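One structure below.
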Amino acid sequence: MPQIIVLPHEELCPQGTLFDAEPGVSICDALLQHGVEIEHACEKSCACTTCHIILREGFNSLEPAEELEEDMLDKAWGLEPTSRLSCQALVADKDLVVEIPKYTINMAKEK
């Protein structure tokens, strides 16, 4: 079973964490199931960028992003070539090293 290694994040996971993840589950769901309260303002419908993550290892093991995810990622703070929306990226068969950016942009916020 692949492992997800979460790098330290000042607010969400100060010490970092490591856990096993079921293949086929979204990275967002895996994080939430293991106590990493990543924001997901659009309820995981690919309508915001609050669950943006950067994969430091394991990026190529994931299925490519769909066009809608790519369009949303263009609006994410701190976008990098290995950025994904954790609600859309499904755990595959390789370990992942995940960095949660310091900031998010909430485009699903009610006005």
Side-chain angles (χ1 to χ4, degrees):
M1 189 176 294
Q3 292 188 320
I4 295 180
I5 300 156
V6 182
L7 299 177
H9 181 280
E10 190 175 308
E11 295 173 15
L12 301 178
C13 192
Q15 305 301 313
T17 191
L18 163 73
F19 54 84
D20 291 333
E22 193 71 37
V25 71
S26 75
I27 296 172
C28 184
D29 285 339
L31 292 169
L32 293 169
Q33 290 166 6
H34 291 89
V36 180
E37 295 297 321
I38 189 166
E39 192 174 354
H40 51 287
C42 71
E43 296 301 317
K44 303 179 250 180
S45 66
C46 199
C48 74
T49 62
T50 58
C51 72
H52 170 224
I53 58 168
I54 301 163
L55 289 147
R56 296 298 179 201
E57 290 181 28
F59 177 82
N60 291 328
S61 72
L62 305 178
E63 289 292 320
E66 305 249 336
E67 189 174 346
L68 179 59
E69 180 184 356
E70 292 282 357
D71 290 346
M72 290 308 301
L73 277 169
D74 286 342
K75 301 170 183 151
W77 181 89
L79 183 67
E80 294 194 16
T82 58
S83 288
R84 291 296 300 266
L85 296 181
S86 65
C87 70
Q88 301 299 302
L90 303 181
V91 176
D93 58 351
K94 300 275 190 242
D95 292 350
L96 302 172
V97 176
V98 173
E99 180 179 342
I100 301 170
K102 186 173 181 176
Y103 301 107
T104 64
I105 300 171
N106 186 346
M107 291 170 288
K109 215 186 295 186
E110 292 185 28
K111 306 258 183 219

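The model shown is predicted, which means the values in this text are computed figures rather than measured ones. For the single chain, residues carry numbers from 1 onward in sequence order.
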Between N60 and K94, is a side chain to side chain contact (heavy atoms under 4.5 Å, CB included) present by the stated rule, with each step listed?
CA-CA 9 Å; N60 291 328; K94 300 275 190 242; over 6 Å; no
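- In this structure, E66 places its CD atom where only 12 or fewer heavy-atom neighbours from other residues, nucleotides or ligands lie under 6.0 Å away.
- One distance of note links SG of C87 with CZ of R84; it measures 9.5 Å at 0.5 Å rounding.
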Go through the steps to decide whether R56 and L7 satisfy the test side chain to side chain contact (heavy atoms under 4.5 Å, CB included), and finish with yes or no.
CA-CA 9 Å; R56 296 298 179 201; L7 299 177; 3.9 Å; yes
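- Between atom CG of residue L73 and atom CG of residue L85 there is a gap of 4.0 Å, rounded to the nearest 0.5 Å.
- One hydrophobic cluster holds both I100 and V91 under the rule that ILVMFWY side chains link at heavy-atom gaps under 4.5 Å.
- Here the closest non-hydrogen pair linking A65 and E69 is CB-OE1, 3.3 Å.
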Under the side chain to side chain contact (heavy atoms under 4.5 Å, CB included) criterion, do I5 and V98 qualify, and how do the steps go?
CA-CA 6 Å; I5 300 156; V98 173; over 6 Å; no
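- Taking every heavy atom of both residues into account, V6 and C13 meet most closely at CG1-SG, 4.3 Å.
- How far OG of S86 is from CD1 of I38: 4.0 Å, rounded to the nearest 0.5 Å.
- Following chains of ILVMFWY side-chain contacts shorter than 4.5 Å, one can reach L12 starting from L96, so the two form part of one hydrophobic cluster.
- Between P2 and P23, the shortest heavy-atom contact is CD-CG, 3.8 Å.
- The aromatic rings of W77 and Y103 sit perpendicular to each other, their planes meeting at more than 60°, with 30° as the lower class boundary.
- Q88 contributes atom CD, which lies 8.0 Å from atom OG of S26 (distance to the nearest 0.5 angstrom).
- Closest approach of M1 to D20, counting heavy atoms only: SD-CB, 3.6 Å.
- Residue L32 is grouped with residue I4 when hydrophobic side chains (ILVMFWY) are merged at heavy-atom distances under 4.5 angstrom, including chains of intermediate members.
- With hydrogens and angles disregarded, a donor-acceptor distance shorter than 3.5 Å links the side chain of T82 to the backbone of L55.
- Distance alone, capped at 3.5 Å, places no donor-acceptor pair between the H9 side chain and the E99 backbone.
- Across all non-hydrogen atoms, the minimal contact from A30 to V25 is CB-CG1, 4.1 Å.
- In this structure, the side chains of F19 and L31 come closer than 4.5 Å at one or more pairs of heavy atoms.
- Here E43 contributes atom CD and C51 contributes atom SG; the two are 11.0 Å apart, rounded to the nearest 0.5 Å.
- For the atom pair CE of M72 and OG1 of T50, the computed distance is 9.0 Å after rounding to the nearest 0.5 Å.
- Contact record, L62 with A92: CD2-N, 4.2 Å, taken as the closest heavy-atom pair.
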What do the steps show when you test C28 against H40 for side chain to side chain contact (heavy atoms under 4.5 Å, CB included), and what is the final call?
CA-CA 8 Å; C28 184; H40 51 287; 4.1 Å; yes
